[in-house]
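These numbers come from a predicted model, not from an experiment. We use all heavy atoms of the structure for the numbers below, so side chains are in, but hydrogens, waters and symmetry mates are not. Reminder, nothing fancy here: chain letters follow the sequence lines and each chain counts from 1.
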Amino acid sequence: MGRTPCCDKNGLKKGPWTTEEDQKLIDYIQKNGSGNWRILPKNAGLQRCGKSCRLRWTNYLRPDIKRGKFSLEEEETIIHLHSILGNKWSAIAVRLPGRTDNEIKNYWNTHIRKKLLRMGIDPITHRPRLDLLDLNSIFNPSLYNSTQWNNNLSRLLGVQSLVNPEISQFPLIFSPPKPKFLIAK
DNA sequence: AATATAAGCAACCGCCTCTTG
DNA sequence: ACAAGAGGCGGTTGCTTATAT
């Protein structure tokens with residue numbers, strides 16, 4: 001039943017890629033395309049599993065990858081898309097040509113996330129952190145509303161519309177994501 | 001100059017969905 | 001319809017480099 005095993009994991013190399021390995025992978029894909037990752041390592045003469053080859057190609061070797069610092073525009077796009085999509089890095093990457101999901105994820109975790117936290121914004125919900133607000137602001141909505149917050153935040157970051165208005169209505173009831181095992185198939 | 005700590009990032013791990021036989 | 005592998009994705013780790021003391 002099913003298909004033949006992916007690859008014999010014994011003896012396969014792990015860890016950082018060498019320039020020779022990179023070149024083998026590039027040469028093979030330029031000649032044959034990046035279709036079947038299962039047979040690719042063997043045909044390309046690589047002691048790697050297909051998964052490792054795919055990751056190396058998509059995150060590093062692909063010719064259309066844009067390397068270097070993220071622009072302010074890209075950062076704004078990431079924040080905006082994250083407010084809508086959450087941690088769907090591959091979906092976010094689709095909207096940022098030349099950037100990989102891994103690169104965006106790393107940038108989020110090392111830069112943007114910290115930046116938002118410094119500003120008192122929860123990087124998950126894109127709303128003010130409740131533990132940093134005084135009770136008056138929580139129980140007296142007239143003192144504080146999402147539009148004000150969004151406007152202030154947008155002004156600080158130079159973003160036109162930071163948060164999707166549909167989800168930024170500052171609900172006082174926090175609803176965490178439904179665990180995967182509770183989601184019916 | 002040496003050491004400690006923080007930041008950045010490539011790559012791995014494990015889970016989930018899709019595809020195939 | 002079902003089982004099992006392939007491919008894809010997000011989370012995490014651990015190595016390297018930069019900065020502070």
Side-chain angles (χ1 to χ4, degrees), chain A residues 1-126 157 164 167 175-185:
Chain A
M1 288 293 164
R3 294 191 271 196
T4 52
C6 155
C7 53
D8 179 14
K9 301 214 171 189
N10 296 327
L12 291 180
K13 200 182 164 202
K14 284 167 70 173
W17 280 65
T18 64
T19 48
E20 289 79 21
E21 287 177 311
D22 283 346
Q23 200 52 55
K24 279 185 182 178
L25 186 56
I26 292 166
D27 289 345
Y28 181 86
I29 290 176
Q30 280 177 348
K31 278 184 193 166
N32 305 284
S34 59
N36 194 332
W37 295 109
R38 183 174 63 90
I39 60 167
L40 186 149
K42 194 181 174 184
N43 290 348
L46 290 161
Q47 297 295 309
R48 298 271 183 176
C49 73
K51 216 170 180 176
S52 181
C53 294
R54 182 180 60 79
L55 214 63
R56 183 64 179 170
W57 174 256
T58 55
N59 286 340
Y60 201 83
L61 299 175
R62 247 172 45 201
D64 58 325
I65 285 179
K66 188 202 295 180
R67 306 209 70 82
K69 282 194 73 176
F70 280 74
S71 67
L72 186 63
E73 197 176 21
E74 286 176 312
E75 189 173 317
E76 290 167 1
T77 305
I78 294 168
I79 294 170
H80 178 65
L81 291 174
H82 188 273
S83 74
I84 300 166
L85 301 167
N87 293 1
K88 301 289 178 196
W89 307 116
S90 56
I92 294 171
V94 169
R95 302 282 291 273
L96 286 159
R99 300 293 188 183
T100 70
D101 53 355
N102 203 40
E103 200 178 8
I104 294 167
K105 177 173 61 182
N106 281 335
Y107 190 71
W108 175 269
N109 286 327
T110 55
H111 293 89
I112 301 175
R113 195 174 156 275
K114 288 172 188 172
K115 193 171 178 177
L116 292 178
L117 284 170
R118 274 199 302 273
M119 295 170 69
I121 301 158
D122 187 323
I124 299 168
T125 61
H126 290 255
L157 285 177
N164 180 355
I167 63 167
S175 54
K178 201 173 182 179
K180 282 182 180 175
F181 61 84
L182 290 176
I183 299 170
K185 293 198 172 185

*Could you walk me through whether A:Leu40 and A:Ile29 pass side-chain contact (heavy atoms from CB on, under 4.5 Å), step by step?*
CA-CA 9 Å; A:Leu40 186 149; A:Ile29 290 176; 4.1 Å; yes

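Below the 3.5 angstrom threshold, one finds a donor paired with an acceptor across the side chain of A:Lys51 and the base of C:dG8.
Within 6.0 Å of atom CZ in A:Arg95, 12 or fewer heavy atoms from other residues, nucleotides or ligands are found, so the atom counts as exposed in its surroundings. Annotation for A:Lys13: atom NZ counts as buried by contact number, over 12 foreign heavy atoms lying within 6.0 Å.
Going from atom NZ of A:Lys13 over to atom C1' of B:dA11 covers 12 Å, rounded to whole Å. In this structure, A:Ile104 places its CD1 atom 13 Å from P of B:dA10, rounding to the nearest Å. Atom-to-atom, NZ of A:Lys69 to P of B:dA7 comes out at 15 Å; the value is rounded to the nearest Å. Distance, A:Arg56 CZ to B:dC9 C1': 12 Å, rounded to whole Å. Straight-line distance from the CZ atom of A:Arg38 to the P atom of C:dG7: 7 Å, rounded to whole Å. A:Asn59 places its CG atom 19 Å from the P atom of B:dG8, with the value rounded to the nearest Å. For the pair A:Tyr107 OH and B:dA7 P, the computed distance is 15 Å after rounding to whole Å. When rounded to the nearest whole Å, the span between CG of A:Leu55 and C1' of B:dA10 equals 9 Å.
Proximity of A:Glu75 to A:His111: side-chain heavy atoms (C-beta onward) are nowhere separated by under 4.5 Å. The shortest side-chain heavy-atom distance between A:Thr77 and A:Ile92 does not fall under the 4.5 Å cut-off.
An OP1 or OP2 oxygen of B:dC12 is reached within less than 4.0 angstrom by a side-chain nitrogen or oxygen of A:Ser52. Contact check, A:His111 against B:dG8: a side-chain N or O comes under 4.0 Å of OP1 or OP2. Look at A:Arg67 and you'll find a side-chain N or O under 4.0 angstrom from OP1 or OP2 of B:dA10. Side-chain nitrogen and oxygen atoms of A:Ser90 include at least one within less than 4.0 Å of the OP1 or OP2 phosphate oxygen of C:dG10. Regarding contacts with the backbone of C:dG8, a side-chain N or O of A:Arg54 is found under 4.0 angstrom from either OP1 or OP2. The side chain of A:Arg48 places an N or O atom within less than 4.0 Å of a non-bridging phosphate oxygen (OP1 or OP2) of B:dC12.
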So which protein N/O to nucleotides 11-15 of chain C N/O distances come out below 3.5 Å?
residue, atom, partner, partner atom, Å
C:dG11, OP1, A:Asn87, ND2, 3.0
C:dG11, OP2, A:Asn87, ND2, 3.3
C:dG11, OP2, A:Trp89, NE1, 3.1
C:dG11, N7, A:Lys105, NZ, 2.6
C:dG11, O6, A:Lys105, NZ, 3.0

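Partners of A:Phe70 by ring pair (Phe, Tyr, Trp, His ring centres under 6.0 Å), not counting sequence neighbours, listed by chain and number: A:Tyr107. Taking the side-chain contact (heavy atoms from CB on, under 4.5 Å) definition, one finds that A:Asp122 meets it with A:Ile124, A:Thr125, A:Arg129, sequence neighbours left out. With sequence neighbours excluded, the residues satisfying side-chain hydrogen bond (donor to acceptor under 3.5 Å, both in side chains) with A:Lys66 are A:Glu74.
Using the six-membered ring where Trp is involved, A:Trp108 and A:His82 have ring planes that are parallel, under 30° apart on the 30 and 60° scheme.
Sorted by first and then second residue, the salt bridge (charged side-chain N to carboxylate O under 4.0 Å, His left out) pairs involving residues 103-113 of chain A (not counting sequence neighbours) are A:Arg99-A:Glu103.
Among the nucleotides B:dC12, C:dG7, B:dA11, the one closest to any side-chain atom of A:Lys14 is B:dC12.
Listed by residue number, there are no residues of residues 23-30 of chain A with a heavy-atom contact under 4.0 Å to DNA chain C.
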